[in-house]
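First up is the structure itself, then whatever we jot down about it.
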Amino acid sequence: MSGYRIDHRPGEVIDRSREVAFDWNGDSYRGYMGDTIVSALTASGVRVFSRSYKYHRPRGILTATYHDPNLMVQVGDDPNVRGGHRRIEDGMQVMPQNAWPSLDFDVKATNRLVGRFLSPGFYYKTFMAPRRLWPAYQMVLSRFAAGGTVDPQTDPGRFDHRYAHPDVLIAGAGPAGMSAAIAAAEAGASVILVEEEPQLGGHLRYGGTEDLTALSDLIDGVHSHDAIEVMTDSVVTGRYDHNWVSVVQRDLPGVSERLVKARVKCLVVAVGTLERPYVFKGNDLPGVMLSTAVRRLINLFAVRPGERAVVLSANSSGDAVVADLERAGVEIAAVIDARTGGSVHEATGAKEVSSVLDSRGNRIEADLLVTATGWTSPTALLNMAGDRPTYVPEAARYVPNDLPEEVLATGGMVGDGSTDLLIAHGAATGTEAARRALTVKAFWQSVAPAGRRIEMPKATPAGVPELDHEPHPEMFRSSTHGIVDFSEDVTSKDLISAAKEGYDSLELAKRYTTVGMGPVQGKVEAVNALAIHGEATGSSLLESVTTTWRPPYAPVRLGTLAGRKYEPVRYSSIQPWHEARGAKRLVAGQWIRPDHYGDPSGEVRAVREKVGIIDVSPIGKIDLRGRDVTRLLELVYVNKWSKLDVGRVRYGIMCAEDGVILDDGVTGRLGENHYMMSTTSGGAGTVWNWLDEWLQTGHPEWDVKLTAVTDGYASINVAGPQSRELVRRLTDIDLDPDVFPYMGVHTGTVAGIDDCFVWRIGFTGELSYEIHIPSFHGLQVWEALLEAGEDLGVRPFGVEAQRILRLEKGHFIVGQDTDGLSQGFGFGVDWAIKLDKPDFVGKPELDWQAERNDHPHLVAIQTEDPRLVPVESCQIVATDGAIQGRITSSRMSPTLGRSICLGQVDPELARAGQLIQIRLPNGKSAPARVLTDHAHYDPEGARVRG
Amino acid sequence: MLVILCPHCGPRNSDEFTFQGEVRPRPDVNGTDPGEWRRYLYLRENLADWVSERWFHVSGCRRYLMLERHTVTNEIRDVELVGGEQA
Amino acid sequence: MSKTPRFSAWNLFRQGISRSPWPRMWDHHDLESSYDVVIVGGGVHGLATAYYLARNHGITNVAVVEKSYIGSGGSGRNTAIVRSNYLTPEGSRFYDRSVKLYEGLADDLNFNVMFEQRGHMTLAHSDSSLRTMRWRAEVNKLEGIDSSVISPEAIKDLAPFLDITDHPRYPILGALWHPPGGIIRHDAVVWGYARAAHAMGAHIHQETEFTGINVADGKVTGVETTRGPIATETVINCTAGWASLVAAMAGIRLPIVTRPLQAAVTEPVRQFLHPVIVSGSLHTYVSQTARGELVFGASVDPFASYSTRGSLEFTTGLATHVVELMPAIANMRLLRQWAGLCDMTPDFGPIIGPTPVDGFFVDVGWGTYGFKAGPVAGEAVAGMIATGRPGELIAPFGLDRFESGTLTAEKGAAAVGH
Amino acid sequence: MTRREPASVAELALTDLSLTPKWRAFAGYEAVGPGTSQRTKDGLVWSVTPGEWTVLGDRPDGAVDLTHVRAMFRLSGAAAATLINRVCALDLGDGMFPDGAAARTLFAGVVTEIVREDENGTPSYLLLPSSSFSTYILDVILDAGGEFGLAE
């Protein structure tokens with residue numbers, strides 16, 4: 001620790017009993033617990049923390065806060081850390097950014113010499129010819145990328161989220177914010193109080209004795225209320241529609257950061273003001289600091305920022321900093337009072353300030369130039385709430401204008417006044433905030449549960465007393481030019497020339513010069529930029545413009561936004577068995593399914609020759625009860641349902657109103673007024689909502705009760721010539737074909753489990769029984785089937801084998817063999833579409849499709865070369881290169897020992913024996929022929945009916 | 001995230017609902033012609049104003065609601081159940 | 001109208017020496033009482049149309065009417081991705097022409113639009129998305145477009161930060177790789193077209209809002225604006241998200257719903273990601289700019305709105321997905337989010353051509369694809385105005401297709417905007 | 001400094017009650033309105049939408065068996081609401097969700113019925129997600145509950 005650390009200050013936040021060792025730029029340094037990276041380094045005499053973006057000029061402290069554009073550093077593998085905010089920890093590895101090869105020597109600093117040629121947007125005007133060199137130019141430009149580095153090995157860290165429902169949320173815990181919190185709590189509201197800094201108090205923390213006394217009273221008040229939840233080192237990053245407010249909490253055990261998502265009934269914005277830099281030649285030299293930066297360094301961290309200071313003061317903060325500097329033993333070389341017309345012309349120095357030239361021509365030797373030239377309200381949260389703050393010339397800053405009912409503002413961003421006045425205004429605001437919040441709360445409580453209609457009440461907001469503005473000179477730029485945007489190296493000259501080039505709307509100028517686009521988003525510079533742009537265009541006075549602030553107010557880590565990794569995933573109750581047998585996982589929407597158990601072909605052969613079982617639990621199941629179920633089925637399916645007897649199932653197809661195939665599956669009649677509908681696994685939710693939609697919006701009078709029972713049943717398909725024998729061994733259901741024919745359904749006991757239902761269908765093309773078991777018992781029945789079928793050669797098969805089996809049989813899959821434009825006709829199920837029904841969903845479109853008869857047809861296709869399997873999505877191409885269709889499914893068939901396909905083709909090609917050409921990914925063509933039937937295997941369907 | 005005051009469930013986040021938007025009356029399927037039917041399928045007012053639109057409380061009471069929402073401010077001023085007394 | 005000088009390194013140097021300011025990119029004009037063509041919307045579509053009307057057809061008595069500043073809509077809010085690997089032949093052909101125009105744009109406009117053809121990679125996390133990628137690749141090849149399906153290993157080589165290890169929910173099974181795709185400086189495209197169109201005589205009226213279209217016996221006779229009326233027989237609607245509102249002025253209803261499309265940018269870091277990465281299943285796309293920022297986009301918002309305020313859910317959902325793809329970037333900070341308005345059509349295809357009102361043309365319905373189509377749309381619309389009929393490239397995208405029921409098939413590939 | 005968030009090992013208990021018989025009735029409990037629950041002679045009954053009731057106990061006439069459709073977990077303790085709000089947006093404050101309240105909402109992205117049934121003064125919640133999600137939901141509760149000392 002060096003001579004820059006001064007004696008104990010009453011408000012200091014460092015713990016001198018606890019030293020902390022850390023590294024900066026490869027050297028080791030020490031500071032105290034509570035120091036920020038920058039306060040500790042300043043105490044050790046460090047003045048330069050970064051190099052500027054474009055000209056690579058050395059940069060030092062400007063604001064000494066989170067929003068300081070010059071204090072971005074790399075901490076370990078964490079890029080762009082705010083050195084003015086982040087507190088030091090033992091062993092911390094801190095490196096400068098954007099300073100290759102070093103802070104001191106810097107080749108790109110030669111940019112300063114050519115700076116006059118790096119006018120705004122210079123890159124738009126060059127690097128064009130010759131075009132072949134453009135890639136090389138790109139390399140050059142990308143070398144200019146600023147910021148830290150990310151490491152592929154970075155441990156993402158631990159983040160989480162939390163939902164909150166405070167009556168009142170207060171952004172900013174300065175005097176106004178704290179007293180607002182106390183008043184709101186006293187009025188019976190629950191409060192969350194958010195403060196960006198590690199301590200409560202705002203500017204009171206680095207004020208004088210009176211300020212510190214007022215602060216400790218406020219802290220006691222806040223802590224005395226259990227209804228106030230305090231979040232320090234936290235920031236309100238956004239206010240979204242309906243007062244949905246995001247807060248990032250930083251000071252937590254266990255997690256790096258937490259995102260709080262709060263539905264706030266009334267939001268109070270009390271974020272105070274940011275001090276504004278002054279634009280003049282050399283205003284970015286290390287040693288040129290804002291008065292609040294100096295007051296923080298001296299009073300919070302007991303650090304002396306320099307030896308000999310010039311102070312440019314336009315307000316009380318400037319006066320206070322003079323006193324602070326004297327107390328810190330800094331020699332005051334000169335105080336230039338802007339209120340009496342004084343100003344600074346230029347700061348000079350090689351790597352830091354060495355002298356200052358004032359507007360009267362005096363050159364003053366100094367290593368520190370402190371400016372107190374005005375305040376900027378960080379109105380971001382107000383903008384997000386729809387407010388367009390207005391400019392008040394007397395106060396030289398923007399103030400809130402027209403806030404929505406659920407948002408209030410208090411403190412420095414509203415006006416000026418003594419600490420007492422700010423506290424009083426905060427209290428009045430807090431009371432009103434509570435009143436508004438509790439009105440909303442009462443209404444929300446009255447809603448649930450309510451009748452059929454809600455009308456929002458019109459609240460009657462009461463006003464809050466005004467806060468006056470202290471007069472303040474308008475100071476933006478001196479007679480010289482300097483840096484306006486420190487992050488982007490944008491000068492006042494750049495802004496003026498951009499306006500002259502035609503970028504004379506403020507937004508165009510911003511986009512062209514990139515002013516305000518940097519990591520601090522122009523928070524401290526914005527008003528200077530507005531003023532100088534106005535100066536250039538002569539037109540837009542500050543009164544007439546305002547700038548839109550987009551969320552987030554402060555940058556947020558992607559990890560924080562992501563929170564913990566919660567991706568909903570579904571398992572059948574039999575999945576543990578599949579995992580134990582090393583089944584390959586298949587991701588099917590939210591479901592994890594067994595793709596195969598190592599030998600899909602073998603699994604296929606087992607089904608064709610003996611018997612196999614597959615876990616098809618994800619199949620959608622919907623229980624339908626009531627007198628009008630048949631009417632609903634008639635409406636949503638294209639086929640007829642009136643004549644379906646109890647104990648029978650029927651295959652059905654659903655189309656949307658545009659005639660496009662939506663889903664398919666079988667529905668069985670279990671009782672007089674009781675049906676069970678099955679859907680594709682992917683379509684389960686869609687179909688359930690679809691049925692509800694047609695019932696609720698079309699036929700609320702119908703008596704139909706829907707219950708989605710997909711998860712209630714584990715579903716096992718037992719398929720193959722031996723399936724009847726296998727199932728017979730385990731059930732009391734009579735499987736005699738005369739009693740239980742193809743497309744029949746029966747309920748009963750299977751492997752000792754009651755309330756199963758079984759239907760006989762044939763997706764695989766074999767004799768098969770689909771058993772649906774109350775799901776918690778699924779695994780038990782699965783294992784019973786394997787045990788009972790051992791001598792029959794039973795084998796589990798996965799989704800891949802099922803795909804092959806159904807392809808051999810020519811059954812299509814909705815969404816694979818059909819697409820977003822596939823209307824009902826042309827997929828081999830034309831027989832199911834009953835245009836003579838009075839009404840069903842999509843009927844008119846299907847009528848017209850039948851008339852046009854120009855739709856693509858799904859056909860079975862076999863390549864001339866039986867060993868060639870054209871990959872799915874290969875196009876079918878005419879000799880003239882026109883696309884005539886595509887392969888939608890293709891596999892090698894273990895049963896037929898040859899390649900088999902399904903494909904969509906133009907109608908003229910949908911003829912048995914038609915020769916077609918398939919274009920393979922390698923560009924070659926493969927001749928193939930269209931089959932008579934969809935089925936490559938057992939077209940007569942003898943096996944399913946067996 | 002909007003808050004929608006569901007008549008059954010009270011204030012809920014809008015991610016519990018699915019948006020259906022403008023609903024147009026369904027023509028008589030037997031009397032209609034392609035022009036009328038496809039206007040029903042595809043054409044929308046798409047106003048920048050107060051609109052009446054259908055939402056479905058899919059993760060809550062599973063009831064269809066009609067909202068009056070302003071498509072510029074997203075303010076919601078009225079919520080009503082679809083489907084008469086059954087709802 | 002001021003003489004427009006050539007931009008070049010040499011002129012840049014002279015300017016630097018002389019310190020004399022560059023002449024204006026475009027001038028302010030008084031509103032004339034009549035124009036041959038009035039274009040509504042000063043975005044890339046409107047300005048490109050004005051440029052090609054002048055350059056290809058000598059039609060220069062043209063007004064571009066913009067209610068705010070040029071490029072204030074979708075043109076300045078998109079994620080500046082250019083590609084042509086679409087699903088349908090007509091779509092691929094169309095966007096391929098756009099890529100070609102973008103490749104030559106810096107020379108055409110003498111303005112560096114910074115087109116970086118870093119390659120465009122669409123990840124497949126499931127069999128069905130892999131099938132769609134193959135479908136696109138095969139169609140693209142038939143149109144002569146460089147597009148193919150690549151393996152996880154090849155993916156890792158092109159983008160080392162991608163985590164291709166086995167994800168429980170989103171395994172990376174392959175990707176559609178499209179080398180000509182890339183990113184561009186969107187504002188530069190707008191400014192370049194504006195400067196060139198202005199140089200050839202078009203009037204660009206900023207801060208001028210459209211308030212009405214006058215129609216008599218089914219023909220356009222003029223328009224009303226906040227700066228006064230304009231007599232004209234030809235009006236072109238290039239207003240994207242606001243298309244329905246402008247069309248309604250002519251009594252036309254469109255099959256369009258306006259939905260916000262959000263985007264976000266991080267703080268800059270050193271270059272580590274070269275190609276553009278897209279994941280349909282994860283509804284996200286990401287690229288790194290020359291400045292070092294990551295630019296993100298997602299799919300359109302879950303409900304219709306004219307709001308550009310953006311949502312928290314967009315950023316949380318986006319972050320969840322990009323951290324799933326690239327866990328190592330969890331410490332990068334999201335700096336700014338914004339939203340644009342997309343004119344979504346039922347089949348994800350544009351609506352470009354004449355309308356039932358004689359003289360009222362639309363170039364709308366671009367949804368999330370508008371920016372990448374700017375040049376070709378401008379060229380094609382200019383051609384249509386000059387010749388009186390839609391050319392072959394845009395014929396499939398007429399307004400009448402919705403009534404005839406012949407929708408475009410882009411639907412199949414539109415799981416995510418990019 | 002988050003003093004309103006209780007957090008300690010003793011304050012949380014998780015029980016898996018998935019095998020409890022559960023029924024979906026369509027009539028007979030009209031006295032139980034949407035958003036509320038009641039102990040009836042048949043057992044605990046609640047409703048989250050008009051005309052539908054969930055019953056824990058013996059099968060009411062014409063009821064659909066939900067036993068296997070939904071898993072059921074009981075989460076009890078002072079920290080229960082805090083944990084739930086880590087992954088669920090429902091306002092669990094006494095004003096909005098008092099003892100006896102019932103809701104269907106999203107819990108960690110999954111549709112879940114939540115019923116508050118305090119146990120002699122201690123806040124206690126029944127969580128009923130669809131059974132295929134139960135492994136996932138259990139993982140989520142244990143992961144989020146680690147902070148409160150919750151473990152298998």
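Computed from a predicted model, the values in this text were never measured in an experiment. In what follows, chains are A, B, ... by sequence order, proteins preceding strands, each numbered from 1.
Proximity to chain B (any heavy atom under 4.5 Å) is shown, for C/T308, by neither the backbone nor the side chain. For a residue to count as touching a neighbouring chain, one of its non-hydrogen atoms must lie under 4.5 Å from one of that chain's; by this rule B/W55 touches chain C with the side chain only. Interface remark: C/L312 contributes no atoms to any contact with chain B (heavy atom separation under 4.5 Å). Using a 4.5 Å cut-off between heavy atoms, B/Q20 makes no contact with chain C at all. Only the backbone of B/L47 comes within contact range of chain C, with heavy atoms under 4.5 Å apart. Interface remark: C/E403 contributes backbone and side-chain atoms alike to the contact with chain B (heavy atom separation under 4.5 Å).
The closest donor-acceptor contact from the side chain of B/N46 to the backbone of C/T258 lies under 3.5 Å.
The candidate with the highest count of non-hydrogen atom pairs below 4.5 Å against chain C, out of B/R38, B/R39, B/E45, B/E53, is B/R38. When each of C/S307, C/G405, C/A304 is checked for heavy-atom pairs under 4.5 Å with chain B, C/A304 comes out on top.
In this structure, OG in C/S311 is found 8.0 Å from CE in B/M1, a value given to the nearest 0.5 Å. Taking OG1 of C/T345 as the start and OH of B/Y42 as the end, the distance is 10.5 Å to the nearest 0.5 Å.
At least one side-chain heavy atom of C/R309 sits under 4.5 Å from a side-chain heavy atom of B/N74. With a 4.5 Å cut-off on side-chain heavy atoms, C/S305 and B/R69 count as touching. Counting only heavy atoms from C-beta outward, the side chains of B/L43 and C/F402 never approach each other to under 4.5 Å.
Side-chain atoms of C/Y306 and B/D49 form no donor-acceptor pair, as typed in the model, at a separation below 3.5 Å.
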